[in-house]
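Below is one structure, written out as structure tokens, with a few remarks after it.
Reminder, nothing fancy here: chain letters follow the sequence lines and each chain counts from 1. Given the structure is predicted, the values throughout are model-derived calculations rather than measurements. Worth knowing before you read on, the calculation uses all heavy atoms, side chains too, and leaves out hydrogens, waters and symmetry mates.
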2 protein chains.
Amino acid sequence: MEFNYSEALTHLLSHVYRLYRHNVDLLIQEYGVYPGQPPLLMRLTEQDGQIQKELASKVHVQPATLNVMIGRMEKAGLVERRPDADNYRVSRVYLTEKGRLATSAVKSVLKEIEERCFARFSAEDKAVFRQLLQRMHDDLRQLKHENETLTMKGQGGEQTYDAKR
Amino acid sequence: MEFNYSEALTHLLSHVYRLYRHNVDLLIQEYGVYPGQPPLLMRLTEQDGQIQKELASKVHVQPATLNVMIGRMEKAGLVERRPDADNYRVSRVYLTEKGRLATSAVKSVLKEIEERCFARFSAEDKAVFRQLLQRMHDDLRQLKHENETLTMKGQGGEQTYDAKR
DNA sequence: TCCCTTCCATTAGCCGGCTAATCGAGATAA
DNA sequence: TTATCTCGATTAGCCGGCTAATGGAAGGGA
């Protein structure tokens, strides 16, 4: 079927992403921050005291994933959970002073890496790159939607026998 | 420090990557294949019976990670470990018949998603995209190298070994 | 009032990634 | 020959992602 994965653009993209993550990790670990946490920290500096569900949605992660992550960060003293006064069902997340300091350092790191990543990109290069990524994003989102509605239909009438998973 | 993470290209890139992974996962799970396994399967179809260390290097993953993954895949009947006849220290990894079938299906899926990703890319778009990604890759690799040698110096030794965490 | 549903948070259990530590076979030097 | 070193594989333990199941508070309807 002549598909060479090694030469696929998605393969290159994956590789670049992993390399990016690795670099971030190398530079933030000294601040006691772990590789999945920077996006969350960024959202928290934008607005403190958000509820977990909202944060999860913003970070594009499942609420369960976020909950565990916050538990770890709370143990590390970076954030703090406080129940909402009006609604005992939700808990709001706040940055501690330590968390604020760490976030500042992490932000510098992210900025530095971003600059290095695109040091040899012209302004137009960046615009083109963004546009292409956005196009890819939109089509992937569409594909995801197609597959999910398809799966839902399959679950309605009869059971799809899935021995493995 | 005027750095807006939400608008950073790396942020968009991360998002696209995750979306890609998610789509792959949706379509391969029916074949009993998990999201980290496709790259390994692709390498195995290229050449059967490689040793774990070599495979790990090709998939850009630590040997320990690969070892666990192969353990799971072996349990699932996709691959088979056989010790090398000449060197009992290494174990070679082979696709089973079931693994070959699954790989074929996975390859179709990857191809289909690749096509969807870039359906609205002209040939030139793709060439430009590849070139930009490659540039990013090279600079990230350079940055990684700088940070790792830096870390080594900080640890006092001047060994040629990799910088450990 | 009581039941039932809905919603957020949490827990459990899995896979994918990592590092550090250990084991066992080869290779090498004393 | 023996002691040591090297190297691949493995194991243990952690973080980051997911789904499924559980729990508890709000809210709505009979």
Can you list every ring pair (Phe, Tyr, Trp, His ring centres under 6.0 Å) pair that touches residues 36-57 of chain B, not counting sequence neighbours? none
Looking at residues 84-97 of chain A, who's got a heavy atom less than 4.0 Å off DNA chain C? A:Arg89, A:Val90, A:Ser91
Heavy-atom pair with the smallest gap, counting every atom of A:Gly36 and A:Met69: O-SD, 3.8 Å
Under the side chain to side chain contact (heavy atoms under 4.5 Å, CB included) rule, collect the residues that match up with A:Tyr31, sequence neighbours excluded. A:Val33, A:Ala105, A:Val109
Under 4.0 Å, heavy atom to any atom of DNA chain C: which of residues 42-53 of chain A qualify? A:Ile51, A:Gln52, A:Lys53
Taking all heavy atoms of B:Gln52 and all of B:Leu66, pick out the closest pair and write down the distance. O-CD2, 3.3 Å
Heavy atoms only: give me the nearest A:Ile113-A:Tyr20 pair and the separation to one decimal. CG2-CE1, 3.7 Å
Pairs under 3.5 angstrom only: tabulate donor-acceptor contacts from the side chains of residues 78-85 of chain A to other protein residues two or more places apart or in another chain.
{"from": "A:Glu80", "atom 1": "OE1", "to": "A:Arg82", "atom 2": "NH1", "distance (Å)": "3.1"}
{"from": "A:Arg81", "atom 1": "NE", "to": "A:Glu74", "atom 2": "OE1", "distance (Å)": "3.1"}
{"from": "A:Arg81", "atom 1": "NH1", "to": "A:Asn67", "atom 2": "OD1", "distance (Å)": "2.9"}
{"from": "A:Arg81", "atom 1": "NH2", "to": "A:Glu74", "atom 2": "OE1", "distance (Å)": "3.3"}
{"from": "A:Asp84", "atom 1": "OD1", "to": "A:Asp86", "atom 2": "N", "distance (Å)": "2.6"}
{"from": "A:Asp84", "atom 1": "OD1", "to": "A:Asn87", "atom 2": "N", "distance (Å)": "3.2"}
{"from": "A:Asp84", "atom 1": "OD2", "to": "A:Arg92", "atom 2": "NE", "distance (Å)": "2.6"}
{"from": "A:Asp84", "atom 1": "OD2", "to": "A:Arg92", "atom 2": "NH2", "distance (Å)": "3.1"}

How close or far is atom P of D:dG17 from atom OH of A:Tyr34, stated in whole angstroms? 14 Å
How long is the line joining NE2 of A:His60 and P of D:dG17, in whole Å? 12 Å
Using the test salt bridge (Lys or Arg N to Asp or Glu O under 4.0 Å), find all partners of B:Asp125 that sit at least two apart in sequence or belong to another chain. A:Arg135
Report the distance from atom CD1 of A:Ile28 to atom P of C:dC18, rounded to the nearest whole Å. 15 Å
For A:Arg141, check salt bridge (Lys or Arg N to Asp or Glu O under 4.0 Å) against everything at least two apart and list the hits. none
Could you give the CD-to-C1' distance, from A:Gln29 to D:dC15, as a whole number of Å? 13 Å
Got a sec? Which of residues 6-22 of chain A come in under 4.0 Å of DNA chain C, heavy atoms? none
Under the side chain to side chain contact (heavy atoms under 4.5 Å, CB included) test, residues paired with B:Pro39 that sit two or more places apart: A:Tyr5, B:Val59
Atom CZ of A:Arg81 to atom C1' of C:dT11: distance rounded to whole Å? 12 Å
Between CD of A:Glu54 and P of C:dC8 the distance, given in whole Å, is 11 Å
Would you please name every residue forming a side chain to side chain contact (heavy atoms under 4.5 Å, CB included) with B:Glu97, sequence neighbours left out? B:Arg100
Enumerate the residue pairs fulfilling ring pair (Phe, Tyr, Trp, His ring centres under 6.0 Å) with a member in residues 49-68 of chain A, sequence neighbours excluded, ordered by first and then second residue. A:His60-B:His15
Counting only heavy atoms not in B:Tyr88 (residues, nucleotides, ligands), do more than 12 fall under 6.0 Å from its OH? no
Name the orientation class of the two ring planes belonging to B:Phe121 and B:Phe129 (parallel below 30°, tilted from 30 to 60°, perpendicular beyond 60°). perpendicular
Within residues 62-80 of chain B, residues whose heavy atoms come under 4.0 Å of DNA chain C: B:Gln62, B:Ala64, B:Thr65, B:Met69, B:Arg72
Taking CD from A:Gln37 and P from D:dC15, how many angstroms apart are they, rounded to a whole number? 9 Å
